[in-house]
Every structure is written in structure tokens, then in C-alpha cells.
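Notes for the one structure printed next.
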Amino acid sequence: MYRTPKDFMEYVKANNPGQPEFHQAVDEVITSVWPVIENNPKYQSANILERIVEPERSIIFKVTWANDKGEVNVNRGYRIQMNSAIGPYKGGLRFHPSVNLGVLKFLAFEQVFKNSLTTLPLGGAKGGSDFDPKGKSEGEIMRFCHNFMLELSRHIGPNTDVPAGDIGVGAREVGYMFGIYKKLQNQFTGVLTGKGLNWGGSLIRPEATGYGVTYFAQEMLKTRNEDFNGKTVTISGSGNVAQYAVQKVTELGGKVVTLSDSDGTIYDSEGIDCAKLTYVMDLKNKRRGRIKEYTNEYKNAEYLEGKRPWGIECQVALPCATQNELSGEDAKTLISNGCYCVSEGANMPTEPEGVQVFLKNEVLYGQGKAANAGGVATSGLEMTQNSMRLSWTRQEVDTRLHEIMRSIHQTCVRYGKEGQYVNYVKGANIGGFVKVADAMIEQGVV
Ligand code: NDP
Ligand code: 2IT
């Protein structure tokens, strides 16, 4: 048994050198669950800690593809199958130049606990490539997706591992990957989630992460007898998660004033209403433009080049772009501007210093693995519909999603209560951990 979390982290760092995001994700979980380990000798004797940080399988492969000029390109593909104690591996695929082994291990590790929190039987995985979809033609995207799946197809299956989207992978890419998988296997199965509605996709899956992160914030606000009505909300990102968060917050009476991408932030003090959101969806999903163009259409809005949204006054902040996009300083600025509720659509968007600032100031702080679990939960619902060969209505899926988000909130309260304050970080980590660790013990040393 390691004597302290610090001891254990030394082991993790030595064993996984050069993977700072993975160290960060492990450190946070280990700090939360340490008292549980200390009080339960069964976890110590089964060496659960060392076992839970080691991926069951890490697959790294070459992806070659030709661009429109006929030039041959090489990228690296990955699938990290982290833990299958409570169900088949499940988690998204990310296509972004920043993808590397450490980033995907952090995401796969988070996914294990997130999936456990959903109440559904889902193990944890993550994959992707350092391929950059920006500026690529339709043909190039399709050829890359096909070549990526040519290898990945050997390692996945509807009862083995079910990938989905993440940054840079949406309905279009899932379509291309599904098409080639079906051709290779000669089987029409639910091997990916986030599929098109006419060929096995679930209603509400596109909306699910953004809606879920908003439902989670709504549950947190309820504990202080508050709701979204009249609140000013800042959101980062402008992709899938951010767009549907705007939609749900607006429907619930909040006013969203920012969106961003890796180049900068737009600030619209009048609020991004439904008509403006339709413009954003067309800009980002069809024309694949930059968020800056919003200010050409809506002249009242400002563009803050190279800035993130955290300097703008708000009561609620929803980080929905990427990891480590909110620093300790940003957290202080948000609080001093009146923000008291943060719900994370992105995975690990807040740096460790920022997390400490939120906790110290008793902010309603819904950490990613709880707050953004609505996406993978609805993927789980897509898998259920696929195996039953039927489709639930929009209402039915949304009701289930809402119930799951309420249940995750309750789990966080149950494990995270510290006097009057709920430490959702502790709640999510312990709530997610216990179920997986117990399943591992019951299945023996495998
Ligand atoms: P999209 O690809 O649809 O959108 C990503 C958005 O984040 C874009 O606006 C992008 O801007 C921005 N972004 C990406 N990388 C960076 C960066 N390094 N710095 C600043 N901005 C960046 O992805 P999603 O909306 O699906 O994912 C957003 C976040 O939500 C991710 O953290 C993902 O892991 C998480 N998530 C997604 C789920 C899903 O179901 N899709 C489920 C749960 C979590 P740009 O165009 O400039 O790159
Ligand atoms: O981070 C995530 O939870 C996702 N990208 C969604 C994963 C999924 O399998 O739907």
C-alpha cells in the first residue's frame, strides 16, 4: 500500500513518463478516493489503485491516406481500452493535432468513472488521431475516416467496444466510419453511436451533452432554490456541446453572452437567441467557418481576439471547448465578477489551481465527468435501442437523459456532502470509483 496520494503519484509518473494530462486526471481521482481506499482493506489487498490506472489495452496504429493532390500522408491512430469491469468499452474518438497517448489516456481514465456514474453498463475507452480536420475537403475527410477504421475495425464491436464522436468527430465522420465498418464486416450493427437518425442513431444524441450539462447546472442551482431564469451565462467553444448548451440555457430563461473557438471569443451582450444560434450552427456545422464571422452578421457583438470568455461578467459559466482552458486566475476573475455556478461540458477544462479556487469559494462546481455524462449516457440509450431494433421518441429519450442527470447529481450529493457544501469533485470521483472497483474485485484477478 502506498502511504500517501503523493507516493502513489510518484509511481504513476515514473510508470507513465511525459503524460502530464494523464497525471493530472489520475491525481484528482486518487486524492478524492484516498480515504475510501484507506477505510476499505479489500481495495488495498486487491491492489485496485495500480490496476485501475493501467489501460487494459492500448492500440496504436498507422493511418495512411492520400490528399486531393495525390500526396500521401501518415497520421497516428489510437484506441485506449481502459476498463471493461462494468460493460463493453465505450467512449469517443477525437481528431485534433494535439492528440497523443497521454491525452487519450487521460480521457479514457475519466471516461471509466463518468460511464459508471451514468447508471448504465458501460466500460471506459477513448481513441482518435492527431489528424487535423481543419481545412480538409469532404473527400479527404472521408478517405481519412475510411483508412482509420480499416485498422480500428479489428479491435471494436457492438459487445466489445463502441466508439462515438468527440472533438473533430461528429455525425459526418461517424457516418464514414460506420459505412466502411459495415462493408468490412458485412454486418449492420450498433458499433458506433452518434449515427444518423435514418440508420440507427438516437434522437437527442446530438443534443445530449449540451442539454445534460445544462440539466446538471439546473440541479446544482436548485440546491440554492435558484434556476436559469434571468441569469447571464458564458459558454466557451462553439462546437456540438456548446451549441446545444446555448439552446437549452436559452429555453430555460438564461441569456448566453459568449461563444469561442481556439482563435478567440465573441461577446454579445444582448444574448445569443434562437435565431443567432441557427446562424452559428450553419456557420460551424455546414460552412465550417470561424466564430469571428459572427460579428460580421451581428454588429453589436464584440470579437475578443485570442481571449477566452472568462473575463465576462456572468452568474453561470459552462466551459465546453477543451482541457485546461480555465486557469486559477480565470477562476478568481469569474468569482470576482459574480459567477457562482460552473458546469463543465468539456473534459477536464479547469486547471487544478482553478478547481481549488472554486472549491475554496464554495462555487457550485459540477466537474466534467458528472456534468457532461449526458452524451455518453444517451449513447448508451442508442445502444439499447439498437439491440432492441426500435427507436424511442424524442420525448422518451430526453426524459431518460434528464432522469440520468438527476441521478448523477444525487450520487454526487451522496458522496460529496461536506457540511452544507457539496463537493461535486469528491462526489463524482467516489461515486464513479466504488462501482468499478467492486466489480473488478468480484471478477477476480484478471
Ligand atoms: P467539437 O469539435 O464539436 O467542438 C470543439 C470546440 O472546442 C470548437 O469550438 C473548437 O474550436 C474548440 N476547441 C478545441 N480545441 C481547442 C483548443 N485547444 N483551444 C480552444 N478551443 C478549442 O467538439 P465537442 O463540442 O464535441 O467537444 C467539446 C468538449 O466536450 C471536449 O472537451 C469533449 O471532450 C467534450 N465532450 C464531448 C462530448 C460529445 O458528446 N461530443 C461528450 C462529453 C464531453 P476550434 O474550431 O478552433 O478547434
Ligand atoms: O467524452 C465523452 O463522454 C464523449 N465524447 C462521448 C462518448 C460517447 O461514447 O458517447
Side-chain angles (χ1 to χ4, degrees), residues 4-6 8-9 12 21-39 49 52-53 106-107 109-118 124 212-213 215-221 223-224 310 316-320 322-328 330-332 334-335 339-374 376 405-437:
T4 61
K6 198 162 165 277
F8 182 69
M9 283 314 300
V12 171
E21 294 87 357
F22 180 59
H23 304 161
Q24 184 182 336
V26 173
D27 196 7
E28 191 213 87
V29 170
I30 295 309
T31 307
S32 291
V33 304
W34 195 261
V36 179
I37 305 282
E38 283 191 317
N39 293 329
L49 281 188
I52 214 162
V53 298
F106 117 64
L107 288 161
F109 185 72
E110 294 273 296
Q111 200 79 45
V112 172
F113 306 100
K114 182 196 303 193
N115 292 5
S116 162
L117 284 167
T118 64
V213 77
Y215 292 148
F216 197 86
Q218 199 183 18
E219 291 302 307
M220 293 196 293
L221 288 168
T223 64
R224 296 193 187 167
W310 316 130
V316 182
L318 309 178
C320 295
T322 193
Q323 64 270 12
N324 292 329
E325 56 162 320
L326 199 159
S327 67
D330 292 331
K332 285 182 198 155
L334 277 167
I335 293 169
C339 176
Y340 56 87
C341 176
V342 177
S343 185
E344 296 181 339
N347 286 304
M348 206 169 76
T350 307
E351 291 182 351
E353 300 73 25
V355 174
Q356 290 316 314
V357 171
F358 288 147
L359 295 179
K360 232 178 252 152
N361 288 277
E362 305 209 337
V363 168
L364 296 168
Y365 170 55
Q367 197 219 15
K369 60 174 86 69
N372 73 36
V376 72
M405 296 316 295
R406 279 199 206 97
S407 139
I408 296 174
H409 183 268
Q410 279 167 6
T411 303
C412 291
V413 172
R414 178 173 160 211
Y415 289 105
K417 220 161 173 13
E418 293 175 342
Q420 290 294 85
Y421 180 59
V422 179
N423 179 338
Y424 289 91
V425 177
K426 181 171 145 196
N429 285 332
I430 298 178
F433 171 84
V434 169
K435 190 165 135 191
V436 176

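It should be emphasised that the depicted structure is a prediction, and the values quoted were computed from it without experimental measurement.
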To the nearest 0.5 angstrom, please state how far the CD atom of Gln367 sits from the CD atom of Glu28. 4.0 Å
Flag the pair Val425 / Val355 as yes when at least one side-chain heavy-atom distance between them is below 4.5 Å, and no otherwise. yes
Taking atom types as modelled, find out whether Gln323 and Gln24 have a side-chain donor-acceptor pair closer than 3.5 angstrom. no
Return yes if some donor-acceptor pair links the side-chain N/O of Gln111 with the main-chain N/O of Gly124 below 3.5 Å, else return no. no
Do Phe216 and Cys412 come close enough that some side-chain heavy atom pair is under 4.5 Å? yes
Could you tell me whether a side-chain N or O of Asn372 sits under 3.5 Å from a main-chain N or O of Ala346, the two making a donor and an acceptor? yes
Does Ser116 have any side-chain contact (heavy atoms from CB on, under 4.5 Å) partners at least two apart in sequence or in another chain, and if so, which? Ile86, Lys435, Val436
Which atom of Phe22 lies closest to which atom of Val12, heavy atoms considered: CE2-CG1, 4.3 Å
Shortest non-hydrogen separation from Tyr365 to Glu344 and the atoms involved: OH-OE2, 2.6 Å
To the closest 0.5 Å, what do you measure between CD (Glu110) and CG (Asn347)? 6.0 Å
Is any side-chain heavy atom of Tyr215 closer than 4.5 Å to one of Ile408? no
Let me see the working for Thr223 and Val422 under side chain to side chain contact (heavy atoms under 4.5 Å, CB included), right down to the final yes or no. CA-CA 9 Å; Thr223 64; Val422 179; 5.7 Å; no
Please find the pair of heavy atoms, one from Glu351 and one from Gly328, that lie closest to each other, and give the distance. OE1-N, 4.4 Å
Would you indicate whether the side-chain heavy atoms of Val36 and Tyr415 approach each other to under 4.5 Å? no
Should the heavy atoms of other residues, nucleotides or ligands under 6.0 Å from NZ of Lys6 be counted, would the total exceed 12? no
Here the gap from Ile37 atom CD1 to Ile430 atom CD1, rounded to the nearest 0.5 Å, amounts to 9.5 Å
How long is the span from the CG atom in Leu117 to the OG1 atom in Thr411, to the nearest 0.5 Å? 6.5 Å
Considering all heavy atoms of both residues, which atom of Leu334 and which atom of Phe358 are nearest to each other, and what is their separation? CD1-CZ, 4.2 Å
Does a side-chain heavy-atom distance below 4.5 Å link Val342 with Pro319? yes
Ignoring hydrogens and geometry, is there a side-chain-to-backbone donor-acceptor pair from Thr350 to Leu326 under 3.5 Å? no
So, taking the atom named CD in Glu21 and the one named CG in Asn324, what distance separates them when rounded to the nearest 0.5 Å? 6.5 Å
Can you tell me how far CG of Leu364 sits from SG of Cys339, rounded to the nearest 0.5 angstrom? 9.5 Å
Measure the shortest side-chain to side-chain distance between Met405 and Gln218 over non-hydrogen atoms and say whether it is less than 4.5 angstrom. no
Just say parallel, tilted or perpendicular for the rings of His409 and Tyr424, cut-offs at 30° and 60°. tilted
Expected output: side-chain Thr118 to main-chain Lys114 donor-acceptor under 3.5 Å: no
Does a side-chain N-to-carboxylate-O contact under 4.0 Å join Arg224 and Glu362? no
Short question: side chain of Asp27, backbone of His23 - any donor-acceptor pair under 3.5 Å? no
Nearest non-hydrogen partners of Ala371 and Gly366, listed with the distance: CB-O, 3.7 Å
Check for a donor-acceptor pair, side chain of Tyr421 on one end and backbone N or O of Val363 on the other, with a separation under 3.5 Å. yes
Which heavy atom of Val33 sits nearest a heavy atom of Asn429, and at what distance? CG1-O, 3.8 Å
